[in-house]
There are 2 protein chains.
Amino acid sequence: MGPVFSQSASDPVRLTDAMRSVFVELLVHGPLSRAEVARRLALSPSALTKVTKPFIEAGYLLEAAGEGPATVGRPSQPLQVDASRMAFVGIKLTEDELFAVRTDLRATIQKEVARPLAGHEIDHVCGQIADVVGELTVPGSPLSAVGISLAGTASPSDPVVHTSPFLGWSQLPLAKLVEEAVSVPTVLDNDVRALTAAQQWFGEGVGHSSFALVTVGAGIGCGLVVGDRLVTGQSGGTGLVGHLQIDDHGPLCERGHRGCARAYASSPAIRRSIASALDLPDLTFDDCLAMAAGGHPVARRVFDDAGAALGQVVATVANITGPELVILSGETVHMYQVCAEAFQAALIRHTHWTTTPVRVAVKPFAFNEWARGAAVTALQHLLLHR
Amino acid sequence: MGPVFSQSASDPVRLTDAMRSVFVELLVHGPLSRAEVARRLALSPSALTKVTKPFIEAGYLLEAAGEGPATVGRPSQPLQVDASRMAFVGIKLTEDELFAVRTDLRATIQKEVARPLAGHEIDHVCGQIADVVGELTVPGSPLSAVGISLAGTASPSDPVVHTSPFLGWSQLPLAKLVEEAVSVPTVLDNDVRALTAAQQWFGEGVGHSSFALVTVGAGIGCGLVVGDRLVTGQSGGTGLVGHLQIDDHGPLCERGHRGCARAYASSPAIRRSIASALDLPDLTFDDCLAMAAGGHPVARRVFDDAGAALGQVVATVANITGPELVILSGETVHMYQVCAEAFQAALIRHTHWTTTPVRVAVKPFAFNEWARGAAVTALQHLLLHR
DNA sequence: CCGATTTATTCTTCCTGTCAAGTAAAGAAG
DNA sequence: CTTCTTTACTTGACAGGAAGAATAAATCGG
């Protein structure tokens with residue numbers, strides 16, 4: 001049971017391109033027979049026995065006994081990655097909290113931790129991260145990589161936080177600092193891009209070579225996969241759809257834009273609109289949602305407007321990038337149920353007339369999805385770029 | 001001087017990936033020494049002598065005598081592709097005309113032909129195309145490929161025109177028909193994408209792994225290059241920015257959208273706005289431009305609005321896709337000179353506040369650029385996908 | 001004129017993935 | 001029950017592409 005993946009920088013086990021792509025194909029597309037993988041990747045059948053053997057010997061791949069539909073010919077022997085063979089930690093940093101999860105190779109969450117962030121000084125945050133990583137480490141199985149995600153311009157290619165509005169950081173080499181503190185390879189990425197990575201390999205994006213992810217919550221975000229590659233814009237800035245102009249007589253956002261998407265569809269904006277129209281300053285977002293579901297005219301109108309804004313955002317993204325699919329997610333996607341008609345109407349209205357509206361998949365969101373996304377970023381980086 | 005590139009389907013000369021990438025690198029990035037190419041493509045120096053030798057023997061690469069800056073060490077020997085070694089024809093189809101150019105390997109136009117299209121029946125159009133191709137063929141040097149571009153949903157991967165608003169076609173296997181008529185490999189693509197390809201290899205896009213091209217003219221278009229790859233959206237639809245909503249009290253476009261980008265910035269809309277405001281129905285677009293340049297208040301305002309609309313389109317595209325650069329081009333880009341301030345102001349205003357505005361390059365446009373783009377599509381297809 | 005330095009070439013070596021041939025494991029047909 | 005067909009997998013020989021090492025070439029600085 002020799003090593004297959006490099007355990008450290010001083011132990012350079014070489015993975016060929018074929019080995020990498022076969023492993024990723026099996027990881028992402030579940031149990032597949034060697035013959036099927038060979039067909040998908042345009043490799044010869046013999047290449048597959050050769051490539052899979054070291055993985056099987058090292059315990060990364062298992063020969064799943066699960067039979068497929070009985071056909072003529074020798075039955076195929078599905079292969080499957082042993083998800084427990086590696087472990088990752090993903091951490092999402094917000095202004096005042098730190099969410100962390102430990103996942104296996106298939107991004108299944110095994111343990112999770114949340115803790116408040118008292119301050120934003122680097123040492124404090126690094127200390128908290130190291131602490132949490134320690135808490136999530138299981139003696140027997142060492143971590144393969146750590147991923148950290150946050151709102152702001154960051155990308156795995158340069159391990160520096162350029163600007164983070166929430167945390168008030170700039171030009172901070174966070175990945176390097178954490179890597180030294182916990183002695184595990186650490187990558188840093190934008191939170192929406194991390195979530196997009198999770199969808200690409202383990203979510204609705206599986207099987208689509210191009211798709212967009214639109215998130216709604218405290219803000220509105222957008223991640224992009226084009227040609228099977230996660231798009232990283234110039235200086236980490238992609239999917240900045242929050243301030244897309246919806247109309248020019250709508251509510252104001254905090255940057256002084258009238259009628260931009262955030263001002264219509266972000267959860268604070270929705271809450272504020274309803275609370276101020278009804279003069280009930282203590283309404284929560286969930287109160288608002290319940291009112292809309294119950295048919296309250298003010299809440300209905302605000303959510304309808306929000307849905308329409310979202311539909312326009314999705315249509316605009318789809319018009320420009322032409323994805324196969326748009327995934328709708330984020331902390332407050334569940335509001336889709338009360339504004340689906342307004343969303344669909346706006347989507348159709350703003351879709352360019354020469355094409356049909358994109359397929360939209362609404363993906364329920366759990367609060368730990370952000371941290372899971374960070375774990376997937378770490379996993380992808382380990383598997384693809386090392 | 002044996003063949004290097006496959007001359008026909010029955011003559012399968014195999015190009016390795018290394019050969020292909022070296023040839024393209026030299027074609028796109030001009031004369032480079034072997035050592036320099038080796039560094040750029042992460043190949044060994046020895047690989048370069050081996051790879052370049054057959055190209056040199058077959059006459060596709062020349063050892064340019066041009067000396068670089070004198071440095072210590074053995075002087076490098078720059079290599080250069082012999083642009084005259086191959087010829088391409090690019091054809092742009094419009095509603096009532098057909099533009100065609102013959103170019104060399106470096107997309108330099110050598111000859112051009114324009115002729116009216118009397119009708120849109122397939123046989124007539126194919127006949128005209130075959131005619132023009134014949135006219136552009138030089139006895140000694142056979143054509144390597146033909147490219148055809150048109151407005152509408154078409155892409156090289158499926159040689160069928162799905163819908164073409166101008167020509168009234170649908171589901172027409174045009175590439176196959178032309179290929180049979182002229183016996184030269186033929187590819188079909190959307191016109192904006194073809195123009196983007198030309199910019200990618202031989203224009204402002206050279207050296208940028210991601211950029212967007214925004215065109216203004218009869219309509220507004222957008223092409224995208226992400227990660228060095230030209231983006232082809234689902235069913236060929238990318239860059240459909242023409243009907244992007246700018247505001248909701250502006251002029252009407254022909255699809256009934258109020259205040260969409262075309263209604264502000266397309267040349268017919270600009271002309272119409274000024275002509276109707278002044279009750280001068282016979283004004284041409286160039287008249288309007290001259291009036292704006294001369295300071296006429298109505299023309300100024302209309303062009304300022306158009307510039308602002310364009311700036312918003314560019315900012316929106318940049319926010320969503322995060323390109324390194326946006327190239328502005330199209331039949332009426334020269335109008336930029338009278339609306340630069342309005343454009344820049346709108347660009348800044350609509351750029352997401354966490355990033356700096358994209359760099360914008362204004363690219364003068366000649367009427368044969370569309371056809372040249374089609375030729376580059378053919379060239380790229382030949383070099384990359386065969 | 002002699003090292004230093006960088007480029008280019010040649011020859012050997014390594015190594016990945018294909019090819020061809022053979023084995024394994026089922027169902028189908030006689 | 002035997003034989004054929006079909007598909008999946010394995011094995012070993014082989015091709016060929018690129019790296020590595022050694023060498024030649026060309027220029028500059030002293």
Side-chain angles (χ1 to χ4, degrees), chain A residues 2-6 12-26 29-58 61-80, chain B residues 2 4-6 12-26 29-58 60-80:
Chain A
V4 174
F5 290 100
S6 168
V13 179
R14 291 200 70 75
L15 286 185
T16 68
D17 285 351
M19 288 175 83
R20 224 189 282 273
S21 57
V22 166
F23 190 80
V24 170
E25 189 71 21
L26 285 168
H29 293 98
L32 291 173
S33 70
R34 284 169 248 251
E36 178 60 22
V37 175
R39 277 188 295 265
R40 290 181 179 219
L41 301 180
L43 290 169
S44 65
S46 55
L48 256 112
T49 37
K50 203 177 290 186
V51 161
T52 53
K53 188 180 286 177
F55 282 119
I56 293 173
E57 281 170 355
L61 290 181
L62 303 174
E63 304 200 320
E67 304 288 305
T71 63
V72 80
R74 173 176 172 173
S76 64
Q77 175 124 43
L79 295 178
Q80 199 177 351
Chain B
V4 173
F5 288 101
S6 168
V13 179
R14 293 200 69 76
L15 287 183
T16 67
D17 285 351
M19 289 176 84
R20 223 189 283 273
S21 57
V22 166
F23 190 80
V24 170
E25 189 70 21
L26 285 169
H29 294 96
L32 290 173
S33 71
R34 285 169 246 252
E36 177 61 22
V37 175
R39 278 189 293 266
R40 289 181 180 221
L41 301 180
L43 290 170
S44 68
S46 55
L48 256 113
T49 38
K50 196 182 292 185
V51 162
T52 53
K53 189 180 284 177
F55 282 120
I56 292 173
E57 282 170 355
Y60 290 98
L61 288 180
L62 303 175
E63 305 200 319
E67 304 288 305
T71 64
V72 79
R74 173 175 175 174
S76 64
Q77 174 124 43
L79 295 177
Q80 200 176 350

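Chain letters run A, B, ... following the sequence lines, proteins first, then strands; residues in each count from 1.
- With 3.5 Å as the limit, one finds a donor-acceptor pair spanning the side chains of Arg34(A) and Thr52(A).
- OP1 or OP2 of dC9(D) has not a single side-chain nitrogen or oxygen of Ser76(A) nearer than 4.0 Å.
- When each of Ala47(A) and Val72(A) is assigned the nucleotide of DNA chain C with its nearest heavy atom, Ala47(A) is the one assigned upstream, toward the 5' end.
- Look at CG on Leu48(A): it is 13 Å from C1' on dT18(C), rounded to the nearest Å.
- Considering every non-hydrogen atom in both Glu36(A) and Leu32(A), the closest pair reads CG-CD2, 3.8 Å.
- Taking each heavy atom of Met19(B) and Pro54(B) in turn, the nearest pair found is CE-CG, 4.0 Å.
- Counting only heavy atoms from C-beta on, Thr49(A) has its side chain closest to dT10(D) among dA13(D), dT10(D), dT5(C).
- Using a 4.0 Å heavy-atom distance criterion, Leu43(A) is classed as a sugar-phosphate-only contact.
- Close to dT10(C), at under 4.0 Å from its OP1 or OP2, lies a side-chain N or O of Lys53(B).
- You'll find a donor-acceptor pair under 3.5 Å spanning the side chain of Arg74(A) and the base of dA8(D), going by distance alone.
- Smallest separation of non-hydrogen atoms from Leu15(B) and Arg20(B): O-NH2, 3.8 Å.
- Whole-Å rounding puts the Asp17(A) CG to dG17(D) P distance at 16 Å.
- dA8(D) atom P lies 9 Å from atom CD of Glu36(A), rounded to whole Å.
- Mapped onto DNA chain C by nearest heavy atom, Ser44(A) and Gly73(A) fall at different nucleotides, with Ser44(A) at the one closer to the 5' end.
- In this structure, Ile56(B) atom CD1 and dT9(C) atom P are separated by 7 Å, rounded to whole Å.
- Projected onto DNA chain D by closest heavy-atom contact, Gln77(A) and Pro45(B) fall at different nucleotides, the more 5' of which corresponds to Gln77(A).
- Heavy atoms of Ala38(B) sit nowhere under 4.0 angstrom from any nucleic acid atom.
- Here the P atom of nucleotide dT18(C) and the CG atom of Leu41(A) are 11 Å apart, to the nearest Å.
- Of the candidate nucleotides dC19(C), dT9(C), dA19(D), dT9(C) has the atom nearest to the side chain of Arg34(B).
- For the OP1/OP2 pair of dT7(C) and a distance below 4.0 Å, the side-chain nitrogens and oxygens of Arg39(B) include at least one atom meeting the criterion.
- Side chain Ser46(A) to base dC19(C): a donor-acceptor pair is found below 3.5 Å.
- Side-chain proximity of Lys50(A) to dT6(C), dG27(C), dG17(C): nearest is dG17(C).
- The listed nucleotides are dT9(C), dT7(C), dA18(D); the one nearest the side chain of Ala18(B) is dA18(D).
- Here the closest non-hydrogen pair linking Ala47(B) and Leu43(B) is CB-CB, 4.4 Å.
- Out of dT7(C), dC9(D), dT18(C), the shortest distance to the side chain of Ala35(A) is found at dC9(D).
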